[in-house]
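Positions are given from 1, in the same order as the sequence printed here.
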Amino acid sequence: MSKIRVPIIFVLIALNCIFCKERIVTIGGCVTEIVYALDKGNSVVAVDQSSTIPKKVKVLPQVGYIRSISSEGILSMFPTKILTTTDIGPVKVIEQINESGVDFKIFDSPKSFEDILTLISDIAIHLDVKENGDSLNAELSILNDKLINLKANNKSKPKIVFFMNPSASSYTAAGAGTKANYLIEYIGGENIFSNDFNKYSKVSKEDIIKYNPDIILVGYFDKSTSKKMNSLFESNEYFESLTAVKNKNIFGIDIGSTLNFGPSFVHSSSDLINKIYFEK
């Protein structure tokens, strides 16, 4: 009878699961944020590059980017649990992790406020902290109700555009089916490009002028670039006729905290609504 050879890393992982404390690898910014919000952050040993909240995760080892992850980087952390969303890829990596025998859970990627609540509940149950999940969801639901009331008091439905990392030679706008489109609708606005294309697409200066947005949202990954990106519209003679420019309704958006669709989405949206409607 031939002997079955088991890769040594799988043996080490199995031993780790038996003898060591919980070691969680979180892949996906929303998952990482939620795990910490549920007071399970002390068990997190590694994250992916999209995980930026809370700030303390920046000192943890990174195992790659969620959409192009590698099994070696993840399994080398000897996790007892791997938590991620359906954004993970490629497929071969998913198969390899499944074969490792580690507790590997893939949750539905959130696309709405309701989905965020569902993800919180599902992760809380999986980590055996259901009460923490219920408490967090109650807090977010109260804030969501306040936002609904704020939007109801605002009679207008502003025309809004969201640009992803714009430059002087490239303006990439969010269309239908994007998280940015949901953000625009969530804060009570109308995406000027929602009927023109899905996902993200480059648009011309002429297109921007034609639709004349009331509000311009400028998405950035690095806060230090925010002012420079805003100046593409504020200091550009070509855009001086835009309503958003005239009324100084240009707002920088931290993509990591606003569009990761974790608990911070609701808080960031609340801050944005206050800036747009009440702080001017």
Side-chain angles (χ1 to χ4, degrees), residues 6-110 115-140 256-257 260-265 267:
V6 180
I8 186 64
I9 191 169
F10 291 169
V11 174
L12 292 173
I13 290 170
L15 291 173
N16 182 71
C17 293
I18 296 172
F19 297 110
C20 297
K21 67 177 183 178
E22 192 169 50
R23 295 173 58 86
I24 302 174
V25 171
T26 56
I27 305 169
C30 56
V31 173
T32 299
E33 183 186 357
I34 289 171
V35 170
Y36 273 85
L38 294 173
D39 293 328
K40 294 290 288 184
N42 288 338
S43 298
V44 177
V45 295
V47 298
D48 80 312
Q49 292 173 3
S50 72
S51 299
T52 59
I53 302 174
K55 291 182 179 180
K56 64 179 70 175
V57 303
K58 294 181 179 180
V59 302
L60 292 176
Q62 291 187 343
V63 294
Y65 179 63
I66 185 169
R67 297 183 187 277
S68 56
I69 210 79
S70 74
S71 57
E72 289 83 3
I74 298 169
L75 297 177
S76 68
M77 299 307 302
F78 305 116
T80 58
K81 291 182 185 294
I82 302 168
L83 308 181
T84 187
T85 71
T86 46
D87 290 328
I88 192 173
V91 174
K92 185 167 183 60
V93 170
I94 298 174
E95 295 172 351
Q96 291 170 340
I97 297 175
N98 275 324
E99 291 173 358
S100 73
V102 177
D103 181 358
F104 179 38
K105 184 66 176 177
I106 302 176
F107 301 95
D108 288 336
S109 179
D115 289 349
I116 294 172
L117 297 185
T118 298
L119 181 59
I120 290 171
S121 294
D122 290 345
I123 293 177
I125 290 171
H126 191 73
L127 296 179
D128 197 25
V129 285
K130 184 179 182 302
E131 289 185 0
N132 291 5
D134 292 341
S135 177
L136 179 56
N137 277 348
E139 173 191 327
L140 294 178
S257 62
N260 76 340
F261 275 39
S264 60
F265 170 79
H267 293 282

Counting only pairs under 3.5 Å, give me each side-chain donor-acceptor contact of residues 127-135, with atom names and distances, residues two or more places apart or in other chains.
{"from": "Lys130", "atom 1": "NZ", "to": "Asp134", "atom 2": "OD2", "distance (Å)": "2.9"}
{"from": "Asn132", "atom 1": "ND2", "to": "Leu38", "atom 2": "O", "distance (Å)": "2.9"}

**OP:** Quick one: which residue pairs count as a salt bridge (Lys or Arg N to Asp or Glu O under 4.0 Å) with a foot in residues 24-36, not counting sequence neighbours?
**Re:**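 Listed once each, the pairs would be none.
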
Original post:
Tell me the salt bridge (Lys or Arg N to Asp or Glu O under 4.0 Å) pairs involving residues 40-66, sequence neighbours left out?
Top reply: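 Sorted pair list: Glu22-Lys40.
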
Subject >> Spatial distance of atom CG (Leu119) from atom OG1 (Thr85) [nearest 0.5 Å] >> reply: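 Going from the CG atom of Leu119 to the OG1 atom of Thr85 covers 8.0 Å.
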
**OP:** Could you grab the distance from atom OG1 of Thr84 to atom CZ of Phe107, nearest 0.5 Å is fine?
**Re:**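 Thr84 atom OG1 to Phe107 atom CZ measures 9.5 Å (nearest 0.5 Å).
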
Subject >> Whether Arg23 side chain and Ser43 backbone form a donor-acceptor pair below 3.5 Å >> reply: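 No, the answer is negative, given that no donor and acceptor are paired below the 3.5 Å cut-off.
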
**OP:** Examine distances only and state if a side-chain atom of Ser264 and a backbone atom of Ser257 form a donor-acceptor pair shorter than 3.5 Å.
**Re:**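 Yes, Ser264 side chain to Ser257 backbone: donor-acceptor pair under 3.5 Å.
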
**OP:** Take Ser121 and Asn137, measure what side-chain hydrogen bond (donor to acceptor under 3.5 Å, both in side chains) needs, and give me the verdict at the end.
**Re:** CA-CA 8 Å; Ser121 294; Asn137 277 348; 2.9 Å; yes

Original post:
Considering residues at least two apart in sequence or located in another chain, which fulfil the side-chain hydrogen bond (donor to acceptor under 3.5 Å, both in side chains) criterion with Thr26?
Top reply: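 Partners of Thr26 by the side-chain hydrogen bond (donor to acceptor under 3.5 Å, both in side chains) criterion, ordered by chain and then number, come out as Thr32.
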
Name the atoms and distances for all side-chain donor-acceptor pairs under 3.5 Å in residues 60-69, with sequence neighbours left out.
none

Subject >> Heavy-atom pair of closest approach, residues Phe261 and Ile116 >> reply: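 Distance-wise, the nearest heavy atoms are O-CG1, 3.3 Å.
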
Original post:
Between Asp87 and Ser109, do the side chains contain an N or O donor and an N or O acceptor separated by less than 3.5 Å?
Top reply: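 A donor-acceptor contact under 3.5 Å links the two side chains.
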
Original post:
Would Thr80 and Asp103 count as having a side-chain donor-acceptor pair, cut-off 3.5 Å?
Top reply: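 Short answer, no.
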
Subject >> Those residues that, when tested against Asp115, pass side chain to side chain contact (heavy atoms under 4.5 Å, CB included) (two or more places apart) >> reply: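 For Asp115 the side chain to side chain contact (heavy atoms under 4.5 Å, CB included) partners, ignoring immediate neighbours, are Pro110, Lys111, Ser112.
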
